[in-house]
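Order of the sequence lines fixes the chain letters, A, B, ..., with proteins taken first and strands second; residue numbering starts at 1 for each chain.
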Amino acid sequence: DAGITQSPRHKVTETGTPVTLRCHQTENHRYMYWYRQDPGHGLRLIHYSYGVKDTDKGEVSDGYSVSRSKTEDFLLTLESATSSQTSVYFCAIRDTGRGRYEQYFGPGTRLTVT
Amino acid sequence: RKEVEQDPGPFNVPEGATVAFNCTYSNSASQSFFWYRQDCRKEPKLLMSVYSSGNEDGRFTAQLNRASQYISLLIRDSKLSDSATYLCVVTPGGSQGNLIFGKGTKLSVKP
């Protein structure tokens, strides 16, 4: 158990509304990641963070923004949700103490945009 | 060519069977390799890291062939509880440690 929680776990929202997903970790990991998972695709990286206030884009960052104001929280925001953003969102941490690149995932947030 | 390719399956095998998953990756500079397991509607969980020398963990054996850019996972004496989707994962390197995921191979172990 890597001590990662995500909230909310499920959300239904309407097109055009803003949505913020939260990832919280309790073990002071420096690296945090947001992925989305869709049928027919592997997990795809949205954004990642390598420290407080240090973030960068991943493969599918359009339409998403992130913030990390403290080590334990990494927020993903959909500024104006679209139906194409209906997906399962996973947060992950990289435990550099165990190995260089292994990542451990939170339980996921199922988001439906109607 | 996709960065990480896996046979999508599904693989349907009886209990006790040996099953092999294969994976190829396109970036020859990839540095680290993993197999993750994902149960239905759950998060991916790290099953094994894959080392150049090959490694074994109980009924699971992982192999890496850098020259062929090929990774494998062998499950011996499969159990009903092994039913899941198996994800091949590589990292292209770099300090950020981003992972590239295959789409996964679904395994169903039947009684």
Inset, instruction - Following the transitive rule for hydrophobic clusters with a side-chain heavy-atom cut-off under 4.5 Å over Ile, Leu, Val, Met, Phe, Trp and Tyr, establish whether A:Val19 and A:Leu75 coincide in one cluster. - result: no

Legend entry - Spacing of B:Asn98 atom CG and A:Arg94 atom CZ [to the nearest 0.5 Å]: 8.5 Å

Inset, instruction - Ignoring hydrogens and angles, tell me if any N or O in the side chain of B:Lys103 forms a donor-acceptor pair with the backbone of A:Gly42 under 3.5 Å. - result: no

Inset, instruction - Answer with side chain, backbone, both or neither: which region of B:Leu46 has an atom nearer than 4.5 Å to a non-hydrogen atom of chain A? - result: side chain

Legend entry - Over 12 non-hydrogen atoms of neighbours within 6.0 angstrom of CD in B:Glu56: yes

Legend entry - Minimum side-chain heavy-atom gap B:Lys42-A:Pro107 below 4.5 Å: no

Inset, instruction - Rounded to the nearest 0.5 Å, what's the gap from CZ on B:Phe101 to OH on A:Tyr35? Could you check? - result: 5.0 Å

Legend entry - ILVMFWY cluster, A:Val60 and A:Leu78 together (side-chain gap under 4.5 Å): yes

Inset, instruction - Tell me whether B:Leu80 is reachable from B:Phe11 by hopping between hydrophobic residues (I, L, V, M, F, W, Y) whose side-chain heavy atoms are closer than 4.5 Å. - result: yes

Legend entry - Hphob cluster co-occupancy, B:Trp35 + B:Leu74, side-chain heavy atoms under 4.5 angstrom: no

Inset, instruction - Indicate yes or no for a side-chain donor-acceptor contact from B:Tyr36 to the backbone of A:Gln103 under 3.5 Å, with no hydrogens or angles considered. - result: yes

Legend entry - Contact class of A:Leu45 relative to chain B, heavy atoms under 4.5 angstrom: side chain

Inset, instruction - Below 4.5 Å from any heavy atom of chain B, which atoms of A:Arg110 appear? Answer side chain, backbone, both or neither. - result: side chain

Inset, instruction - Determine whether B:Val13 and B:Tyr86 fall in the same hydrophobic cluster, where Ile, Leu, Val, Met, Phe, Trp and Tyr are linked whenever their side-chain heavy atoms lie under 4.5 Å apart. - result: yes

Inset, instruction - Under 4.5 Å heavy-atom distance to chain B, tell me which part of A:Glu59 shows up: side chain, backbone, both or neither. - result: neither

Legend entry - Atom group of B:Gln38 that falls short of 4.5 Å from chain A, counting heavy atoms: side chain

Legend entry - B:Leu87 side chain reached by A:Leu43 side chain, heavy atoms, under 4.5 Å: yes

Legend entry - Check against side-chain contact (heavy atoms from CB on, under 4.5 Å), B:Phe34 and A:Glu102: CA-CA 8 Å; B:Phe34 310 97; A:Glu102 284 88 346; 3.5 Å; yes

Legend entry - From A:Tyr101 atom OH to B:Gln31 atom CD, the distance as rounded to the nearest 0.5 Å: 4.5 Å

Legend entry - B:Ile100 portion near chain A, given a 4.5 angstrom heavy-atom threshold: neither

